[in-house]
Every structure is written in structure tokens, then in C-alpha cells.
Amino acid sequence: DSRFTTAATADIQGTWVHEMPMNGEELGWESYEGELICLFYMELGNDGSMDIHVTPADENEFSKAMRTALVDEMYAAFEAEGMSREEADAALLDEMGIDMQQYVALIMSEIDVATMFEFMEVSGVYYVDDDLLYSGVSWKMEMEPTPFTLEGDTLTIDDDVAGTGADQTV
């Protein structure tokens with residue numbers, strides 16, 4: 001397809017990485033007040049394929065923050081039922097033989113951080129025409145044009161999201 005052989009399209013083919021700070025609300029953790037850096041990957045193939053996925057920049061930091069948020073939210077649920085933290089720990093010790101920290105650690109041992117971000121994975125198609133990036137879910141659907149600039153190894157989409165080229169040898 002000639003849309004993929006234009007110089008503009010060839011220049012943006014590859015994998016682009018954008019650091020994206022995410023807060024507790026975006027992560028679904030009501031009690032978490034910090035921000036974690038996640039990496040937003042956009043892979044633009046030489047056949048018009050486009051794949052997007054997100055991962056935490058530091059899985060250990062992410063897991064630690066998630067553990068803290070889960071402990072806080074579990075205690076909040078007990079407090080909503082009229083129990084103090086100490087009473088919640090006592091109830092868990094009595095029922096399960098573990099306290100809240102151990103209970104959340106048990107839950108966390110069953111969680112694969114990578115799978116938590118699968119809902120953010122997107123596959124689609126793209127092409128470039130007149131400094132506009134057209135992308136969509138399939139070739140059969142209408143594609144929205146998005147302005148972009150390419151300066152060196154930085155692709156900036158819609159004056160907002162800037163990604164650095166990680167691999168330009170697609």
C-alpha cells in the first residue's frame with residue numbers, strides 16, 4: 001500500500017515510548033495520593049499496524065504503592081463498618097490467623113502486574129498524510145486525523161503526548 005511508503009510514514013515507523021504519570025484515581029486506588037510513572041508504548045508497523053500498551057516504569061515501586069493503597073482501602077472498608085484498624089486486624093487474626101498487612105501480601109502474591117494493564121492494550125491501523133496521523137481500530141472505520149510533529153527522535157502527537165523513539169528498525 002502506497003500509504004506506508006511515503007517518507008512521512010516511514011519516518012514514524014517503529015516503537016515510541018511516552019512517560020505518563022498516573023495518579024490514584026486513574027489507577028483505581030481512591031486512597032493513593034501519589035503519582036506513578038507508567039510507560040505508554042506505541043508501535044507503528046511498516047504495514048499500517050498500530051499496537052499500544054502500557055506498563056509501569058518500575059514494577060517494584062508500582063507493587064509497593066498498590067500494596068499501600070490496598071491496605072488503606074481495606075482498613076477504610078472496615079472503618080465504614082464501625083471497626084478501628086486494631087479491631088480489623090484482630091478480626092482477621094481471629095478468622096484467618098493473619099493481620100491486614102499479611103492479608104494484602106497474600107492477595108498481592110496472586111496478582112501479575114503486567115496483566116493489570118491489559119485493558120489498556122489497543123490494536124489498530126494507521127497512516128500518515130500531510131503531517132496528520134490517521135488512526136483507527138480497522139481500515140473499515142472512519143479514521144480521525146491527529147496533528148503530529150517529528151523532531152529528531154521525538155514524535156509529538158497533538159501538541160500533548162511526546163514519545164521518544166525506542167527502536168526505529170521495524
* To do: Any chance you could measure L39, atom CG, to E19, atom CD, to the nearest 0.5 Å?
  => 6.0 Å
* What's the spacing between K140 NZ and S138 OG if we round to 0.5 Å? -> 7.0 Å
* L106 backbone acceptor or donor facing S109 side chain under 3.5 Å -> yes
* Structure fact -> One should read off an interatomic distance between S123 OG and E43 CD, to the nearest 0.5 angstrom, of 9.0 Å
* To do: Starting at CD1 of I107, measure out to CG of L70 and round the result to the nearest 0.5 Å.
  => 6.5 Å
* Can you pull the ring pair (Phe, Tyr, Trp, His ring centres under 6.0 Å) pairs that have at least one residue in residues 47-94, sequence neighbours excluded? -> W29-F62, Y41-H53, F62-F117
* To do: Determine, using the 4.5 Å side-chain heavy-atom cutoff (strictly less than), whether W16 and I37 are members of one ILVMFWY cluster.
  => no
* For the atom pair CD1 (I12) and CG (L44), what is the distance rounded to the nearest 0.5 Å? -> 5.0 Å
* Heavy atoms only: give me the nearest A91-M83 pair and the separation to one decimal. => CB-CE, 3.7 Å
* Asked: Excluding sequence neighbours, so at least two apart, what forms side-chain contact (heavy atoms from CB on, under 4.5 Å) with A76?
  -> none
* Asked: After noting the C-alpha distance and the side-chain angles of M66 and Y32, does the key distance pass the side-chain contact (heavy atoms from CB on, under 4.5 Å) rule?
  -> CA-CA 8 Å; M66 182 177 176; Y32 186 70; over 6 Å; no
* Asked: Is there a path from V71 to I111 through hydrophobic residues (I, L, V, M, F, W, Y) whose side chains come within less than 4.5 Å of each other?
  -> yes
* Asked: By side-chain contact (heavy atoms from CB on, under 4.5 Å), which residues pair with I52, not counting sequence neighbours?
  -> F40, M42, M50, V122
* Verify, without hydrogens or angle tests, whether D130 (side chain) and L132 (backbone) share a donor-acceptor contact under 3.5 angstrom. => no
* To do: Please report the shortest heavy-atom distance between A69 and S31, naming the atom on each side.
  => O-OG, 3.3 Å
* Go through L133 and Y126 one step at a time and tell me if the side-chain contact (heavy atoms from CB on, under 4.5 Å) criterion holds. => CA-CA 7 Å; L133 175 66; Y126 82 97; 3.7 Å; yes
* Does any non-hydrogen side-chain atom of L155 lie less than 4.5 Å from one of F148? -> yes
* Structure fact -> So salt bridge (Lys or Arg N to Asp or Glu O under 4.0 Å) across residues 51-78, not counting sequence neighbours, yields D72-R85
* Side chains of E144 and Y134: does their closest heavy-atom pair fall under 4.5 Å? -> no
* Asked: Of all residues at least two apart in sequence or in a different chain, which pass the side chain to side chain donor-acceptor pair (under 3.5 Å) check with E26?
  -> none
* Asked: Do you know which two heavy atoms are closest between G48 and W139, and how far apart they sit?
  -> O-CZ2, 3.9 Å
* To do: Could you list who else is in V137's hydrophobic cluster, with ILVMFWY side chains joined at under 4.5 Å, directly or through other members?
  => M141
* So L92 and M100, side-chain contact (heavy atoms from CB on, under 4.5 Å) or not? Walk me through it. -> CA-CA 7 Å; L92 279 171; M100 187 67 71; 3.7 Å; yes
* Asked: Would you find more than 12 non-hydrogen atoms of other residues, nucleotides or ligands less than 6.0 Å from Q102 atom CD?
  -> yes
* Asked: Which pair of non-hydrogen atoms, one from M22 and one from C38, has the smallest distance, and what is that distance?
  -> SD-SG, 3.5 Å
* To do: For S63 and M108, run side-chain contact (heavy atoms from CB on, under 4.5 Å): C-alpha distance rounded to whole Å, both residues' side-chain angles, the deciding distance at 0.1 Å, then the answer.
  => CA-CA 8 Å; S63 293; M108 292 289 298; 4.1 Å; yes
